[in-house]
Amino acid sequence: MDAIRIQGGVPLNGTIVIGGAKNAALPLMAAGLLTSEPLTLTNMPELADIATMGNLLRQLGVRIDQSALEAGADSAEAGATGRTMTLRTEKVASVTAPYDLVRRMRASVLVLGPLVARHGEAKVSLPGGCAIGTRPVDLHLKALEALGAKIELKQGYVHATVPKRLKGAQIIFPKVTVGGTENILMAASLAEGETIIENAAREPEIGNLADCLNAMGANITGMGSGTLHIKGVERLHAARVPVIPDRIETGTYAIAAAITRGSLTLKGTRYDLLKSVFDSMVQAGVEITQQGDSIIVSAKNGLKGVDIMTEPYPGFPTDMQAQWMALMSTADGASMITETIFENRFMHVPELTRFGADVNVHGTSAIVRGKGNHLSGAPVMATDLRASVSLVLAGLAASGETLVNRVYHLDRGYERLEQKLEACGARIERVGGG
Ligand code: UD1
């Protein structure tokens, strides 16, 4: 199993190109199931999760063609990205998303809505638990039922069927769910009549999906407002759609600049996607400037502790909570970090304390007593995607050597992480682990 070895304490300086968003690309790929015509996605990242979704879609009958880097991209530039993927589903060949794939990647559940809408049937394994909580899909299922699907749970699988066509309905999500909103957006696009989704997720990835569906001929309005109106159409058609920049990759490298007290230019991204995180960084004393499609992040010693609470968009993203904790453990002063989205998302705390971080968890909050730039390297273990990267960040700031084990989590969501960091001065390498 691979590990990442870091000799920390080097301020990072340079430019990092941000890739397309994993969490936008996955539902866009699932949307390829909704039409027999080709759906072309540009600015696609190259990640393990994208490959997993590709494997699942191929099993369902989707033909996938991928190009290398787009013309014009300078592959010599650190982190140049932007592949093109074309998905074509002439016929749905299978309606089953098997346990093995869904267990590895929860986002596999996003094929449920498109399959039922286009083919009238889907069998999707229940995802089960994961490192950060139980994460049920009950809200996806209730909403699909409201659209007229019959849902049965058998042998660990959700079997959803609809005799003819789904029918538009009013859906009120009792809790904001990103995946649930995406599944219903896709299903309702092909339903008969109008669907209204209340308390819809407002994440930028939802906007990207709605724009894609509209480009395919759907009729969706209300993006970003929390109430989505979808007038169902009989069929969708070909489209070409760019994947938005990855806001979590952007935020992670912004924290890499801050935690090493360096300066990074993050290229090919958007400030508005991550305003809550940038606002908190500025409050902590990090300097942030925008220049066209670049964001420049610089920091010096003497950062202040800043409290944050994770919330649905536009609040502070839960996917940036672990990275924020790493940064706060190098601030001068205390900060309180409250997790409201997932019930068990402090798995990184015991690992961060191995660097000398002073963190105490009380229920859904953690108190971080920052003591300046004092971390020292340690062998640590990655537990999930964002937790792993917080350990890399701590390792970049810490004096001495850090070995992050079980880094396969990182490959799910960060493209060429070591290369991007190394090009900015980090002493980081991948080694074969035990
Ligand atoms: C997506 C993101 C993930 C991010 C999360 C929250 C993708 C591929 N993943 O995950 O990176 O951390 O949003 O921003 O886009 N819930 C239920 N019942 C349901 C569905 C959700 O109780 O049917 C709960 C979840 O357990 C969780 C909360 O609602 O506590 C939010 O989950 P949700 O927004 O659905 O997250 P995902 O779409 O799985």
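Sequence positions, counted from 1, serve as the residue numbers for this chain. For ligands, and for the atoms within them, numbers begin at 1 and follow the listed sequence.
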Considering Ala201, Ala21, Gly179 one by one, which has a heavy atom nearer to atom 38 (O) of ligand 1 than any of the others? Gly179
Answer yes or no: does an N/O atom from Thr177 fall short of 3.5 Å to an N/O atom of ligand 1? yes
Out of Pro136, Pro174, Ala107, Ser108, who is nearest to atom 19 (C) of ligand 1 when you count heavy atoms only? Pro136
Ligand 1 to Asp319 polar contact by distance, N or O atoms, under 3.5 Å: yes
Relative to the heavy atoms of Val178, which atoms of ligand 1 are at a distance of less than 4.0 Å? 1 (C), 13 (O), 33 (P), 34 (O), 35 (O), 38 (O)
I need the contact type for Arg106 against ligand 1. Using non-hydrogen atoms and a strict under-4.0 Å cut-off, is it side chain, backbone, both or neither? side chain
Between Thr84 and Thr42, do the side chains contain an N or O donor and an N or O acceptor separated by less than 3.5 Å? no
Looking only at N/O atoms, are Gly180 and ligand 1 under 3.5 Å apart anywhere? no
With heavy-atom distances below 4.0 Å as the criterion, list the atoms of ligand 1 near Arg345. 12 (O)
By number and element, which atoms of ligand 1 are closer than 4.0 Å to a non-hydrogen atom of Lys175? 22 (O), 24 (C), 28 (C), 29 (O), 30 (O)
Can a side-chain donor-acceptor contact be found between Ser94 and Gln59 if the only test is distance below 3.5 angstrom? no
Out of curiosity, is Glu205 lining ligand 1, as in a heavy atom under 4.0 Å away? no
I'd like to know whether CZ of Arg58 has more than 12 heavy-atom contacts from other residues, nucleotides or ligands below 6.0 angstrom. yes
Report the part of Thr318 in contact with ligand 1, treating N, CA, C, O as backbone and CB onward as side chain, heavy atoms under 4.0 Å; options are side chain, backbone, both, neither. side chain
Taking N or O atoms only and a 3.5 Å limit, does Lys22 qualify as a polar contact for ligand 1? no
Hey, does the side chain of Thr35 reach the backbone of Leu236 with a donor-acceptor pair shorter than 3.5 angstrom? yes
Phe342, any N or O under 3.5 Å of ligand 1 N or O: no
Thr402-Arg5 side chain donor-acceptor pair, cut-off 3.5 Å: no
What side-chain hydrogen bond (donor to acceptor under 3.5 Å, both in side chains) pairs are there with at least one residue in residues 146-164, not counting sequence neighbours? Glu121-His159
Examine the side chains of Gln323 and Thr252 and answer whether a donor and an acceptor come within less than 3.5 Å of each other. yes
Which ligand 1 atoms, with their elements, are less than 4.0 angstrom from a heavy-atom of Asn23? 2 (C), 3 (C), 7 (C), 8 (C), 9 (N), 11 (O), 15 (O)
Pairs meeting criterion side-chain hydrogen bond (donor to acceptor under 3.5 Å, both in side chains) with involvement of residues 170-181, two or more places apart: Gln170-Glu198
Do other residues, nucleotides or ligands put more than 12 heavy atoms under 6.0 Å from the CZ atom of Arg412? yes
